[in-house]
Amino acid sequence: MILSFICGHLSQFNSCLLLKKERISLSPDPVACGDVHKPSTRQYNSLKWWKTSFLDFPPGSRYDYMKTHPSEKMHLAVVACGERLEETVTMLRSAIIFSIKPLQFHIFAEDQLHKSFKDILDDFPYEGKVNYTLYPITFPTESAAEWKKLFKPCASQRLFLPLILKNVDSLLYVDTDILFLRPVDDIWSFLRKFNSTQIAAMAPEHEEPRIGWYNRFARHPFYGVTGINSGVMLMNMTRIRRKYFKNDMTTVRLQWGEMLMPLLKKYKLNITWGDQDLLNIMFFHNPESLYVFPCQWNYRPDHCIYGSNCKEAEEEGIFILHGNRGVYHDDKQPTFRAVYEAIKNYSFGDDLVHSLLQPLELELQKTMHTYCGRVYKVFIKQLTKSIRDLYDRRSKGR
């Protein structure tokens, strides 16, 4: 077996506020632990807007499946709405296959998706290295409709993660259309590379300015030469919560929660890509706070549909695949779809070479009539190494 998991029986809990922390211990007979942490008055006063907007959370269901591990957990968050269940589960599978340290998934999803997530994830085999928590989609009460319709349904939920997940120090947020082709541990290690001013890490939106969107069409400030893409966003959330940000709305520096709504009100008529645009504006004014990682950590169709323009991927392969524009589900970019289908259809426990890698390479060879297909080897270069490294670790008993 590639992974063997312990399945827990799960219980549904209703919570009045996400500010409460309710835990359920995974055991043959689950026991609810009434462990409630309320934020102090000082914490609320430091974010007055957050206080007035979020104290009136509507009651919602929350499922919490936790188990204590002696080693460090890597926290991964995703937001799923609409028809994104299968895509999200495939992303989670890709994270599980190669990762070394324990994973804690934070899954924000519409209420009608919770049972489906629970049924599928409970069926995953695992070695006690994967836990997950399901959360309702929650926005500030007075502006929930405005945030929810920004760009795509629920996408702007990511902006509130530092404020909702108050007890999480660091977090990797990814879009549902992400696939990990190497251990999550490796991107997690970028946290140790942050200097004293950096609070988050993202990849550039484009490598080639001639096809860049922000530098040609944006009607708002953006980071760097071509902007940043927020589909893969690594955060030191402790630093985010503590930082006072420069901005163009007031001469006074604002904390994260104080800044979100005023920023939306100022730029909502000038932004196209929703919350990603707001992040670009934030880091335009605070460039010292961003760590930029190479394009192979967020490889999108734009990196090959007009010809290969991610040199790092050409040299080392793709580390994280980002199938935006719905390319996993149509025939426009069959190279991306082939990788997605291979991971979606892989069964935990099967041989990774014969059941995943070899069939995938055969499918990729059929896509050589496309620009991305012409460089199909970048899609399996790192994947091949990840499989080899996994089997090496096993042979050494790690």
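Side-chain atoms are counted along with the backbone in the values below, which use heavy atoms only and exclude waters and symmetry mates.
- Separation of atoms CD (Gln104) and CG (Leu76) is listed at 10.0 Å; rounding is to 0.5 Å.
- Remark: the backbone N or O of Thr251 is not paired with any side-chain donor or acceptor of Lys246 at under 3.5 angstrom.
- Ser99 places a side-chain N or O within 3.5 Å of a backbone atom of Val184 that can act as its donor or acceptor partner.
- Ring geometry for Tyr299 versus Phe336: interplanar angle under 30°, hence parallel rather than tilted (30 to 60°).
- In this structure, Lys193 NZ and Asn195 CG are separated by 13.0 Å, a value rounded to the nearest 0.5 Å.
- Rounded to the nearest 0.5 Å, atoms CZ (Phe293) and CD1 (Ile187) are 4.0 Å apart.
- Annotation: Phe222 is in aromatic contact with Tyr214 [ring centroid separation under 6.0 Å].
- The CZ atom of Phe190 sits 11.5 Å away from the CD atom of Gln198 when rounded to the nearest 0.5 Å.
- Side-chain contact of Asn298 with His322: a donor-acceptor pair under 3.5 Å is present, judged by distance alone.
- Salt-bridge annotation for Arg325 and Asp302: present, with a side-chain N of the basic residue lying under 4.0 Å from a carboxylate O of the acidic one.
- Taking 4.0 Å as the cut-off between side-chain N and carboxylate O, Asp389 and Lys385 count as a salt-bridged pair.
- Using a 30° and 60° split on the angle between ring planes, Tyr328 and Tyr340 fall in the parallel class, below 30°.
- Checked by atom type, the side-chain pair Tyr223/Asn286 shows no donor-acceptor distance below 3.5 Å.
- Residues Phe180 and Ile343 fail the side-chain proximity criterion, which asks for heavy atoms closer than 4.5 Å.
- In this model, Cys372 has its SG atom within less than 2.5 Å of the SG atom of Cys304.
- Taking 4.0 Å as the cut-off between side-chain N and carboxylate O, Glu288 and Lys243 count as a salt-bridged pair.
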Test log, rule salt bridge (charged side-chain N to carboxylate O under 4.0 Å, His left out), inputs Glu363 and Lys366: CA-CA 5 Å; Glu363 289 300 314; Lys366 300 175 184 177; 3.0 Å; yes

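- Partner of Arg182 under the side-chain contact (heavy atoms from CB on, under 4.5 Å) criterion, out of Gln382, Gln296, Glu316: Gln382 alone.
- Using a distance-only test at 3.5 Å, with no hydrogens or angles considered, no donor-acceptor pair links the side chain of Trp188 to the main chain of Lys73.
- Remark: Arg158 engages Asp275 in a salt bridge, criterion side-chain N to carboxylate O under 4.0 Å.
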The test is side-chain hydrogen bond (donor to acceptor under 3.5 Å, both in side chains); show your working for Thr197 and Ser289 and say whether it passes. CA-CA 5 Å; Thr197 66; Ser289 297; 5.7 Å; no

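- Listed for the Ser170 side chain is no donor-acceptor partner under 3.5 Å among the backbone atoms of Asn236.
- With ring centers used as reference points, His220 lies 6.0 Å or more from Phe284.
- Between Phe108 and Tyr135, the ring planes lie parallel to each other; the angle is under 30°, not in the 30° to 60° tilted range.
- Salt bridge Asp119/Lys115: present, at least one basic N to carboxylate O contact under 4.0 Å.
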